[in-house]
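No experiment lies behind these values; they were computed from the predicted model shown. Letters A, B, ... are given to chains in the order of the sequence lines, protein chains preceding strands, and every chain is numbered from 1.
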Amino acid sequence: MRSLIDIKELTTQEIDELIVVAKDIIANPAKYSEKCKGKKLATLFYEASTRTRLSFEAAMYELGGNVLGFASSDNSSASKGESVADTVRVCSGYADIIAMRHPKEGAPLVASMHSLVPIINAGDGGHNHPTQTLTDLLTINREKGRFDNLVVGLCGDLKFGRTVHSLIGAMARYNNIKFVLISPDELKVPSYIKQELDKSNIEYVETRSLEEAIPELDILYMTRVQRERFFNEEDYLRLKDTYILNMSKLSKAKDDLSILHPLPRVNEISVEIDNDPRACYFEQALNGKYIRMALIMKLLGVE
Amino acid sequence: MILNTITNGVVLDHIQAGGAMEIYKALNLDKLECQVAIIKNADSVKMGKKDILKICEPIDINLDVLGYLAPGVTVSIIEDGTVVKRKHIEPPEKIVGIIKCTNPRCITSIEQELPNIFKLTDRENLVYRCIYCESKCKKQGDIK
């Protein structure tokens, strides 16, 4: 039995295989409509989510399976003080696979230590979000047709942005990747991630200016400054509007730039950009369903 | 300065100068009834200055705590005035229940019964990270 807690647990070959399956699902959805018939997915979401939870549920339904679960900790025994380990011991008797989101970092790992069925980390605090990374990778692959020789810009909250951390970890394994890390000083990428990049001799630059960085980028990964990651409302308000991508900034970018965003967006990408061919974030959200279908099949051992 | 030699007990040698008190506290040596000598800034050919702890009673030393706090220390077990065992302490690969994660976002911050487990992720710089949230531990401050 295998879980997915951190994207680094998947080899690049396994990621390639998932992407091949996801693309086949996109091309031939009917072929997959009964792959998980009779199987159940439990979505244990201790924190609010729209895309991730619904895309997991849609993924399981489109594979012919069923879904049960809760969408906030208020509706679960966690509100009565039940531990993650106990909740998972119980729920793994009701479902064949579990997707868990939790505000505390490491909760899905704890779950995987006590579960009888595979656990998928659907986001743990500011830590990891491997299925978002798989979504991002499928999007990059569909947009660029490759994972190597790319200049990847990441912009916004690089400190608490778990999708950023996972994506850096995943892209760092491919050849000739350069990261451009665009953030205010307060929201820089944590030092342990930079140490990993240094250790692997991967090129990166840190900058505060989106305008200066944008011309060299092949991919621009925008993120939201998330209110829920701050203990201090003042800090959130001070930093939330630091980077806004608008047409004026985009005019300096390459014609084949791909703009990604894990969504939800607040105001960091102007709506005027939505119709620009370089905007990929809504396709990206759709890709999330397909790659989750591929992942559920893989972890359930469904051919 | 002359100190009596130990007949039966443990000597912790090659402690970084200034580090003895921290080890004394972390190993709970203050709770022992026997004589314990804390020697600070002793001359050392290898280290220039070093600290030494001499415990006049055979006790079990928690080598994980010692290896985490002071890798490179030498532990000598003395029996009947003779060194019967000498061990050079390496940093442990994993430490369980010794240090506590201080990241308020870590699952261990709300689920107190979870064992605090740290793994050595960078041997060169002696960096330990929480297995749950991957936060770096802050040495002394995190000792339980």
Side chain, backbone, both or neither: which part of [X] has an atom under 4.5 Å from a heavy atom of chain A?
X	answer
B:Asn103	side chain
B:Glu134	both
B:Thr121	backbone

So, [X] and [Y], do they make that salt bridge, N to O below 4.0 Å?
X	Y	result
B:Lys49	B:Asp43	yes
B:Asp13	B:Lys50	yes
A:Glu14	A:Arg2	yes

Where at least one partner belongs to residues 87-102 of chain A, residue pairs that pass salt bridge (Lys or Arg N to Asp or Glu O under 4.0 Å), sequence neighbours excluded: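 For residues 87-102 of chain A: A:Asp86-A:Arg89.
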